[in-house]
Amino acid sequence: MSVQNLENKVILTLGSGSSAEAILDGTKAIRGGIPLVFPQFGTAKNPNDATAKLPQHGIARSSIWEFLSATSSDNKDHNDDEVTATFGLTGSQTPKNLREAWPKKFQLIYTVSLTARTLKTSLKVKNEDNEAFNFHVLFHTYFLAPDISKVSILGLSNLTYTDKVLNGARALESREKVTIDQEVDRIYENVTSDEIVVDLGEEKGNLNVKISNTNLRDTVVWNPWIDKSRGMSDFDDEEYKVMVCVETGTVADYILLSPGQNWEGGQILSVAI
Ligand code: BG6
């Protein structure tokens, strides 16, 4: 496979993975790509949590971020070229209803870097409040796959997971390859391997995407399957057959950040030639 073809494939797989029904006018988070979950994954379990008034998956994915910078390197070997863009979001830039629901002072810097074989996304959180706050963070990555019956996810065996489909039941993953043939919504905890492999089961030569992470603990695997797909107005009824979300983050427990402190974490998606 040539680099050009490979780049096209990566872009096709990772970049165009938004639903045909996705709402793109800013009124709803885009169903595709990598929506950013912060500071709350799902909705808060406890009504006393500071994030309890926030909508599902928090504020970052439905706020308009500020473009901060873009840089590119131009190497002799173009395989090493890298394009990087940074974006910022502060508490005062979030929509009023979200700001009121979680009135914390914070600064987020989101860095996205693209090379021929990798897509890196990294988030820096600064607590600018007078008090410590708790947050979750998750890169909610949608992968486009030709056929869900041929998709498998490696690197999750022997991990404990919480099964949201089974009302939060906990179990141990025994499979080397996690496959999907029904609704799946699981939080795999304490992912010790920093390499999860999503085998998208391409017909002409397999396309495996490796996910490595920095400073993140959990991996969520999600496919809405038939009934949930029908219930989502911004998702085509048939699209569950051609997608899977494998989401890297810290969501089983909150991260506690003291005033003035920074936290940083991220993921690298990479394909091999
Ligand atoms: C996953 C959650 O991360 O996101 C699921 O584990 C949820 O429970 C899914 O259904 C999609 O969420 P939303 O808010 O984009 O419909």
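When a ligand or atom number is given, it counts from 1 through the structure's own listing order.
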Tell me, please: is Arg186 in heavy-atom contact with ligand 1, that is, under 4.0 Å?
no

Just by distance, do the side chain of Arg61 and the backbone of Pro35 share a donor-acceptor pair under 3.5 Å?
no

Using the side-chain hydrogen bond (donor to acceptor under 3.5 Å, both in side chains) rule, pick out the option among Thr162, Thr250, Thr219, Thr160 that qualifies with Glu189.
Thr162

Atom 10 (O) of ligand 1 has as its nearest protein heavy atom Trp222 NE1, 3.5 Å

Can any side-chain N or O of Trp65 pair as donor or acceptor with the backbone N or O of Ala60 at less than 3.5 Å?
yes

The option among His140, Gln56, His57, Arg61 carrying the non-hydrogen atom nearest to atom 15 (O) of ligand 1 is Arg61

Contact with ligand 1 for Lys228, non-hydrogen, under 4.0 angstrom
no

Close N or O approach (Tyr142, ligand 1; < 3.5 Å)
no

Same cluster or not: Tyr110 versus Ile255, using hydrophobic residues (I, L, V, M, F, W, Y) connected whenever any side-chain heavy atoms lie under 4.5 Å apart?
yes

Do NZ/NE/NH1/NH2 and the carboxylate oxygens of Glu173 and Arg175 come within less than 4.0 Å?
yes

Do Ser63 and Thr94 have a side chain donor and acceptor closer than 3.5 Å?
no

In ligand 1, which numbered atoms sit nearer than 4.0 Å to a non-hydrogen atom of Glu247?
1 (C), 3 (O)

Protein contact to atom 16 (O) of ligand 1 [nearest heavy atom, distance to 0.1 Å]:
Arg31 NH2, 2.9 Å

Give the numbers and elements of all ligand 1 atoms closer than 4.0 Å to a heavy atom of Asp185.
2 (C), 5 (C), 6 (O), 8 (O)

